[in-house]
Amino acid sequence: MTVTRKAYRAAILHSIADPAEVGVQASHEYFEDGLLVIDQGRINAVGHASELLPTLAADIEVVHYQDALITPGFIDTHIHFPQTGMIGSYGEQLLDWLNTYTFPCERQFADKAHADQVAKLFIDELLRNGTTTALVFGSVHPESVNALFEQAERLDLRLIAGKVMMDRNAPDYLTDTAESGYRDSKALIERWHGKGRLHYAVTPRFAPTSTPEQLAAAGRLLKEHPGVYLHTHLSENLKEIDWVKQLFPERSGYLDVYDDFELLGERSVFAHGVHLCDQECQRLAETGSAVAFCPTSNLFLGSGLFNLPQAERFKVNVGLGTDVGAGTSFSLLNTLNEAYKVMQLQGAPLHPFKSLYLATLGGARALRLDDRIGSLRPGNDADFVVLDYKATPLLDYRLQQSTSIEETLFVLATLGDDRTVRETFAAGRSVHRR
Ligand code: GUN
Ligand code: ZN
């Protein structure tokens with residue numbers, strides 16, 4: 001169903017550039033009394049209400065939100081759909097956590113009915129948290145991806161997902177083969193990639209769980225289907241990195257394994273990158289690859305602190321990821337709260353406008369979708385959220401002390417969570433309302 005013209009009046013804030021490139025002040029646009037005009041699921045205009053209201057036809061409905069801030073929908077550049085049921089699992093670091101909690105949970109997604117049930121919950125949870133686009137890991141089972149895409153298609157969401165490829169170093173019940181992983185991924189690409197606002201990501205889990213044959217097959221899929229994504233994990237945990245060195249002794253490092261199979265490129269997104277050397281950052285940048293910064297996960301699994309200034313120095317594209325279920329929240333506001341602390345520990349506190357950028361336009365750039373989402377530029381998809389200044393008594397009281405949008409934004413990111421999201425819109429349609 002297409003939505004015809006409608007306008008939304010509130011404070012409006014969006015990123016228009018990376019603060020690392022243009023400085024914080026030139027990185028955003030803010031309209032204290034703003035108007036966002038939507039037409040046929042796209043943004044038609046954004047600006048000051050006083051300037052735009054007189055230009056509207058008399059019959060256009062204007063929805064006026066009090067004590068609210070409209071921003072672009074949030075973009076989660078790394079999350080696992082089949083880990084929804086095991087978020088908050090105690091006590092282990094990456095490799096033991098995978099074996100103890102993750103693999104048994106993902107096993108259940110062989111059952112399409114289970115996948116359907118969790119897909120609905122998962123998509124609802126994204127929207128409740130104001131996330132309008134995500135790059136999503138499925139399980140090894142093609143049915144998991146069918147379930148997720150069917151649910152996203154129903155709501156006309158812009159979503160990227162893929163079936164996990166893993167043909168070694170995992171339980172038998174959860175492995176494919178180089179051959180079947182290739183064939184099943186190809187069938188999913190043909191069924192889903194480019195359908196509505198859906199995109200496919202070739203998804204080898206990480207180097208240790210794919211044979212060289214399977215990584216080569218992943219490279220073939222990318223070559224045969226220009227425009228599909230590559231989504232995997234990279235340099236998250238020190239034991240993992242040692243393991244990759246043992247498995248691929250002929251390669252110069254972790255990233256070089258992926259590079260050797262031609263998996264780097266403009267639509268390649270690597271989760272974590274906590275322990276990258278300068279050379280690897282250089283290589284990510286020159287290939288146009290992106291990194292998903294996943295602070296709640298990196299803290300929860302004790303993986304380490306992502307070095308954002310290093311990535312900025314090399315001009316690596318960086319988005320923000322929740323990495324649920326290693327990450328502990330679906331909320332990108334909550335994720336920014338933790339990102340700020342990760343940066344504090346490295347002596348480089350995250351500026352509120354950089355935070356906004358990471359959660360919106362930066363994510364869109366990492367996904368090469370900044371011509372469609374991530375900002376409220378006219379022509380873009382009408383994916384946006386309405387944040388509630390009065391979501392909780394504490395937020396309400398704290399924001400009464402705020403003297404600038406910069407301060408308000410920082411407080412929203414520090415105290416905010418799903419309760420802060422009053423309404424979520426995808427392609428101009430309301431898809432969640434508190
Ligand atoms: N590395 C390989 N698989 C996973 C996973 O499921 N989660 C995280 N955080 N890291 C991984
Ligand atoms: Zn992950």
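Each ligand, and each atom within it, is numbered from 1 in the order the structure gives. Predicted model only: the values in this text are computed from it and were never measured.
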*Could you pull out all residues at least two apart from E153 that satisfy salt bridge (Lys or Arg N to Asp or Glu O under 4.0 Å)?*
K195
*Return the protein residues near ligand 1 (heavy atom under 4.0 Å from any of its atoms), ordered by chain and residue number.*
H80, Q83, L94, W97, L98, R205, F206, H233, E236, H272, D323, A326
*Before accepting this row, confirm whether a basic side-chain N of the pair R434/D388 lies closer than 4.0 Å to the acidic partner's carboxylate O.*
no
*List for me each residue that meets side-chain contact (heavy atoms from CB on, under 4.5 Å) alongside R398, sequence neighbours excluded, and say none if there are none.*
Q401, E407, V411, L415
*For the Zn ion (ligand 2), how many protein N, O or S atoms lie at less than 2.8 Å?*
4
*Taking the inter-plane angle between the rings of H80 and H233 on a 0 to 90° scale, is it parallel (under 30°), tilted (30 to 60°) or perpendicular (over 60°)?*
parallel
*asked:* Counting neighbours of NZ on K112 that are heavy atoms of other residues, nucleotides or ligands and sit closer than 6.0 Å, is the number greater than 12?
replied: yes
_Regarding E312 and K315, does a basic nitrogen lie under 4.0 Å from an acidic carboxylate oxygen?_
no
*Relative to Y65, does R422 satisfy both conditions: NZ or CZ under 6.0 angstrom from the six-membered ring centre, and within 45 degrees of the ring's axis?*
no
*Considering residues, nucleotides and ligands other than Q279, do more than 12 of their heavy atoms fall under 6.0 Å from its CD?*
no
*Taking atom CZ of R191 as the centre, report whether more than 12 heavy atoms of other residues, nucleotides or ligands fall under 6.0 Å from it.*
yes
